[in-house]
Amino acid sequence: MDYNFQEIEKKWQQRWRERKTYRVVEDKNKKKFYVLNMFPYPSGAGLHVGHPLGYIASDIYARYKRQKGYNVLNPMGYDAYGLPAEQYAIQTGQHPEKTTFQNIDRYREQLDKIGFCFDWDREVRTCTPDYYHWTQWAFQKMYNSFFCLKSQKAHPIEELIKHLNAHGTEGLEVAQTEQLDLTATQWQQMSEKEQSDVLMNYRLAFLGETMVNWCPKLGTVLANDEVVDGVSIRGGYPVEQKKMRQWCLRVSAYAQRLLDGLDTIDWSDSIKETQRNWIGRSEGAEVNFKIADSNEEFTIFTTRADTMFGVTFMVLAPESELVEKVTTTEQKDEVEKYLTYVKGRTERERQIDHKVTGVFSGSYAINPFTGEKNPIWISEYVLAGYGTGAIMAVPAHDSRDYAFAKHFGLPIVPLIEGADVSEESYDAKEGIVCNSPAAGKEPYCDLVLNGLTVKEAIQATKMYVKEHSLGRVKVNYRLRDAIFSRQRYWGEPFPVYYKNGIPKMVPEECLPVELPEVENFLPTETGEPPLGNAQIWAWDETQHKIVDKALIDEKTVFPLELYTMPGFAGSSAYYLRYMDPHNDKALVSKEADEYWQNVDLYVGGSEHATGHLIYSRYWNKFLFDYGYSCKEEPFQKLINQGMIQGRSNFVYRIKDSNTFVSNGLKDKYETTPIHVDVNIVNNDLLDLEAFKAWRPEYNDAEFVLEDGKYICGWAIEKMSKSMFNVVNPDYIVERYGADTLRLYEMFLGPINQSKPWDSNGIDGCFRFLRKVWGLFYSRDGQLLVSNSEPSKESLKSINKLIQKVSQDIENFSYNTAISAFMICVGELAQQKCSAKAVLEPLVELLAPFAPHLCEELWEVLGHQTTVCDSPWPEVDEQHLKEDTETLSISFNGKTRFTLDFAPDASKEDIEKAALEAEATARYTEGKQIVKVIVVPHRIVNIVLK
RNA sequence: GCGCUUGUGGCGAAAUUGGUAGACGCGCCAGACUUAGGAUCUGGUGACUCAGGUCGUGUAGGUUCGAGUCCUAUCAGGCGCACCA
C-alpha cells in the first residue's frame, strides 16, 4: 500500500478541527510554554514558500514541548492595518477592510493546509475594534503618564501636576522634550491651553513639533525611504523639510532600560548589537559657552571633554533656535541664504553626500577653559536632533571638524603628543595630552591636563565641569522618540478630540473609538488627512458619542483627531492579547498574564530589529511599570529565521527567432535569457509542453536540446512575481504533501540562515516519508508491525535517534535532526525491524516534524489518543553502549594501526596494548614513546622521541 | 567609514566544540527490475595520481603531537547603521 498523503492529511486536519486538538486553556497543574511567531501582514499575493519557514520551525518546537508535558500556547493572528490595503482601496474604491478580510481568509486556507498546531480560538486581527480598543487604551495610558528619571519608570501625570502646583519645575527629574523653568506661581497662573502645552513636554504620548519629509503636492508626510533625490518616489513631487505637530511616543525615556534589558534576554548577539547601536548610548559632558558681548549662553554636548583646549570654533545646527540669536546684522543675508539652501535639501540628501558647507554667524562664544573667543558657525553637518544641536569643534581630533576647518581656513590646534594633524585629524582616544593649557600662555583656569592619558583627561575635565558648574556630566542616547501619527485612513483612529485646540482624551469607558466610514481614502482637498472625509466624526462631550461633524459647536461637540496610528501600534502588545483574546474588560486579565508570563520563544525576521522589536519592548516596559504585564521583557528567547530567496530559471532564446537553446549549448548562439516560470521546471529540466502552453507566443516554440533534454539556467533573486520564481506552498502540498513540505523547509539548512528556495531536493524528503510508511506497510498493503522482541541493533538505532533528535530540537538544528531520521529509518529498514517497541518511539519523535503521517501511524499502532499528547521518548543508555571500541593508534599524526578495546578500557590498558603492538610492528623506528594521548573519537596519539 | 555575520565538493549542508573533513540529502555514474520512466531498489561519487600515495575547509602566517574549529593579518560576499560630536 502506498503512502497516500492526500487522504491522510485531509483526514487528520479535519479531525484536529473537529476535536479542537490544539485548543489550549490555562492549567495551573502544568508548566506553561509560550511559542510565538511574528504575525503576518495579509498581503494580496498570498503566502509563498518563504513565509511558513518560521511557522514550521516554531510549530515543531511547540509540538515537541507539548510532548514534553508543557501546556503550550502557540497562537496566530494578523497585523491587518497597513499601506498596501489602503493603496488598493485608493485605486479601486474597495474598502480596505474587505480586501484585508479576503486576504486573511486566503492566508488561513493556506496555513491550514500545512498542519500547524495553532489555537485558532485565540486569533487576533489588529484592525478589529475589540482589538484596537486596547491599542487606544494603552495610548491613553501613555498620554496620562510621565517618566520619572529617579525611579526610572512611568508614573501618572497627576503626580507631576501636583509637583508643578507645589514647586513648579524645581527639582523635577523627568524625561522631557526641553528643559523648562517655571515657578509654581507661574504654572498656576497659566491658561488651560498653556498648561496643556507644558504637560506635553512630559507626557509619554505627546504632541510634538518634529521635522518631517513633507510633500505639499501629495499632502502627506513621507518616510525617508519614500523620498529619493529630494522628490517623492510616487509622482516625483518635491519634498521639503517641515516642522509638524505630530503625536510622538517618548521611547527615548526608556533608553537605558531598553539597553539594560538586553542583558537579560536570550537573543542573538548580532540583533542585540543592532539594538545597542540604535539606542546609541554615549557618555560625555554638557558644557555651557557664553556668547561674547551678550548675556546669552548655550550648551554643547561632547564625549571628548579632554579636548576643551583645542576648540577653535563652534557650530550650530541650521535648525537650532540659537541661529537667530547669534546672527549679526552684517551676516544676516549670508545666513539666510545658507538656511534657504539647507531647507531645500532633504534629510536623505544630507545623509548621502557630506558636502562641507556652512556660514559664519558673526558672533563668538567664550571658551570657559581658555577665555578665547571662538567664532560661531552654522553648518548642516551638525544635527539638530542629537545632543543640544550645537557643538564645540576640535578640528585636530575630529575628522568632520577637521574637514570644516580646512575648507574655511580655521585654525587647528593639536592636543596629543606626537599627533600629526597636517594631513588628517587624529581621532583615536589614545595618547598623552599636551597643549592643555598651551605652554607660555597665561592660564585662564586652574585645570591642567598635560601629561594625562586621554581617558584620564576626560575624567578630570568632567570633574572640573561638575565642580565649577560649567555644565554637567551627561549621558546621551541616539534613540529618538517615535513619531506616532500618520496621515492615512487604514489605521487605528486616535481616541482624541480637540476642545478649543486643546487635545482631550475620549473617556476610557467609551473606547474603542471606531474607525469611521469614508467615501474617499485620499487626503481632502484642503490637505487634511483622509479622516477629514468622514462625516460622522465629531465628539459629543455630553452624550459621550461620535456624532456628525455638522454639529460641531465648540461647546459640547468637538472635532476628533484626523490622524491615525502607525503600523507598529497594533503589533506592539499583541502577544499579551493572545493570552486572553476575548476579554472585553482588560487587555489581558491578571490571571492569564501571570500564567503565561511572557513569550518563551519568539520567531521572526531580523529586519524588525530596530522597529517592532524596540517598540514592543518599550510598550511592554510601560505596561510593566503599571503592573499590566508581569514581565519586563516580552520575548525571552528570539530566533531569527532567514529569508527564503527565489531561485529563478531561464530559457535562452536565439536572437530574432522563437527557438530556445539549452543552457549547456547557449554559448554557441547569440541568445537572450528569459525568465521562465519555475513551476514548469523540475530539477532545471524544462517541461516543453507546459512551456508551449504557458504563453501564446511560445505555442510554436522550437528547442535545441542537449542529450534530449532542455536544461534551464538559474540565478538567485528575490522571490517575486515578476521573476516568475514564486513557489506557492499549496502547490508543494498538493504534489508532495504538507509533511514533506515541513520536512523539506527544515532540511534546507539552518533556520537562521538566508537561503534560496530550491525545489530540487524535495524528492529526498518525500522518499524518506515513504520509507517510514514502508516500515509499517508492505508494498501489497500488509501490516508489518509486530509485538516481536526488537533486535539489539534496532534498539541501538532508535536510542541513538532519541538522543540526537532531542538535542537537535533544543538547539533548533532541525536539518541535522532530519538527517538522523533518515539514517535511522535506513538502518531499521535494513534490519527489517517490525517491532512495535521500536516503531512507537520513532513515530513519537517524528510527530513534530510530520504530524499528519505520525497521527495516522499512531492510530495504526492502536492508539486512540492524539500523538501530540504522547510523551517524548527517553534515551535508554544501556542500548547505546558499544561492545568494543576501535581505536586508531597514530604516531605523530599518522595513523599506524587500529586496536579494539572494551569501551571502559583505562588509559593505562590502552597504553600497554599500544606498546605491545608497537613492539610487534616496530613502527616507532627505534624511537621511544614519551606520551600517550587518549582523546575522544577513538584516537590514541603516541608522541615519539 | 563603523558594527554584525558568513566563506567547506557540481549544489544545500554536517563535523559530538581542538581529534579519521565532507555525515544526510540533491545531482551525477554504474547496475537490477521494467514495454516505458521525471517510478523503485543496490552500489559508487572531494581533487590529482607514476595507484604508492599526494593535496584539500577564501588567502597568508602562527600556536599544537594534531586546526574547518584557537590566534594574527588579509581578501570576498551578505545584512544593518551611517556627519550621533
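Letters go in sequence order (proteins before strands), and every chain restarts at 1.
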Syn or anti conformation of B:G9, syn meaning chi within 90° of 0: syn
Using the P atom in both, what is the distance from B:A47 to B:C71, to the nearest Å? 32 Å
Let me know the distance between CG of A:L613 and P of B:C4, rounded to the nearest Å. 20 Å
Out of B:A23, B:C26, B:C4, minimum distance to the side chain of A:S270 belongs to B:C4
Taking atom types as modelled and ignoring hydrogens, do the side chains of A:T299 and A:N288 form a donor-acceptor contact shorter than 3.5 angstrom? yes
Residues two or more places apart in sequence or in another chain: which of them pass side chain to side chain donor-acceptor pair (under 3.5 Å) with A:Y3? none
Applying the ring pair (Phe, Tyr, Trp, His ring centres under 6.0 Å) test to A:Y744, which of A:F849, A:F768, A:W757 qualifies? A:W757
Considering only the P atoms, how many Å lie between B:G80 and B:G66, rounded to the nearest integer? 43 Å
Of the options B:C41, B:C24, B:A13, whose atoms approach the side-chain atoms of A:K771 most closely? B:C41
Below 4.0 Å: OP1/OP2 of B:G25 and any side-chain N or O of A:Y744: no
Working note: A:Y814 + A:I60, criterion side-chain contact (heavy atoms from CB on, under 4.5 Å); need CA distance, chi angles, decisive distance, verdict. CA-CA 9 Å; A:Y814 298 143; A:I60 290 170; 3.8 Å; yes
Is the distance between the ring centroids of A:F5 and A:F766 under 6.0 Å? yes
Rounded to the nearest angstrom, tell me the gap between atom CE in A:M746 and atom P in B:C26. 19 Å
Do the side-chain N or O atoms of A:R767 get closer than 4.0 angstrom to the phosphate oxygens (OP1, OP2) of B:G25? no
Considering only heavy side-chain atoms of A:V382, the closest of B:A15, B:A85, B:A13 is B:A85
Which sits closer to the 5' end of RNA chain B, A:I818 or A:D808, going by the nucleotide each is nearest to? A:D808
Walk me through whether A:D263 and A:R276 qualify under salt bridge (Lys or Arg N to Asp or Glu O under 4.0 Å). CA-CA 11 Å; A:D263 297 331; A:R276 286 196 189 102; 3.4 Å; yes
What nucleotide, of B:A85, B:G25, B:A23, holds the atom closest to the side chain of A:I823? B:A23
Do A:T816 and A:S819 have a side chain donor and acceptor closer than 3.5 Å? no
Should we count CD of A:Q830 as having more than 12 external heavy atoms under 6.0 Å? no
Contact nearer the 5' end of RNA chain B, comparing A:C765 with A:I271: A:I271
Look at A:N815 and B:A14 and indicate whether a side-chain polar atom (N or O) is within less than 4.0 Å of OP1 or OP2. yes
Expressed in whole Å, how much space separates the P atoms belonging to B:G19 and B:A13? 22 Å
Rounded to the Å, how far apart are A:Q830 CD and B:G43 C1'? 12 Å
Using whole Å, what does the distance between atom P of nucleotide B:G38 and atom CG of A:L688 come to? 12 Å
Hey, does A:Q275 have a side-chain heavy atom less than 4.5 Å from the side chain of A:L262? yes
So what does A:D269 touch, heavy atoms closer than 4.0 Å: a base, only the sugar-phosphate, or nothing? nothing
Any side-chain donor near an acceptor of the partner, A:Y341 and A:T357, under 3.5 Å: no
Classify the nucleic acid contact of A:I391 as base, sugar-phosphate or nothing, counting any heavy atom under 4.0 Å across all strands shown. base
Can you tell me how far C1' in B:A67 sits from the matching atom in B:G18, rounded to whole Å? 7 Å
Measure CD/A:Q275 against C1'/B:U5 and give the value in whole Å, please. 17 Å
P atoms of B:G58 and B:A51, separation to the nearest Å: 32 Å
Reckon A:P756 touches a base, only the sugar-phosphate, or nothing at all at heavy-atom distances under 4.0 Å? nothing
A:Q753 side chain: which of B:A13, B:C83, B:A85 is closest? B:A13
Tell me: NZ of A:K272 to P of B:U5, nearest whole Å? 13 Å
When the C1' atoms of B:G7 and B:A85 are considered, how many whole Å apart are they? 37 Å
Just wondering, are more than 12 heavy atoms of other shown residues or ligands nearer than 6.0 Å to NZ in A:K771? no
Nearest 0.5 angstrom please: A:K355 NZ to A:S379 OG, how far? 12.0 Å
Any idea which of B:C83, B:A14, B:C24 is nearest the A:E380 side chain? B:C83
In whole angstrom, give the distance that lies between atom CZ of A:R770 and atom C1' of B:G25. 15 Å
Roughly how far apart, to the nearest Å, are B:U5 and B:G44 at atom P? 40 Å
Would you mind classifying the nucleic acid contact of A:R735 as base, sugar-phosphate or nothing, using non-hydrogen atoms under 4.0 angstrom? base
N/O-N/O pairs, protein side and nucleotides 71-81 of chain B side, under 3.5 Å:
none

Can you tell me, in whole Å, how much space there is between the P of B:C55 and that of B:G3? 38 Å
Using the purine O4'-C1'-N9-C4 or pyrimidine O4'-C1'-N1-C2 torsion, is B:U49 syn (within 90° of 0) or anti? anti
Which stems, defined as runs of 3 or more consecutive Watson-Crick or G-U wobble pairs with both pairing distances under 3.5 Å, involve RNA chain B? B:1-7 with B:75-81, B:10-12 with B:24-26, B:27-32 with B:40-45, B:46-48 with B:53-55, B:58-62 with B:70-74
Round to the nearest Å and state the distance from A:Y710 atom OH to B:G38 atom P. 19 Å
Report the nucleotide, chosen from B:A85, B:C24, B:G38, that has the shortest atom-to-atom distance to any side-chain atom of A:D687. B:G38
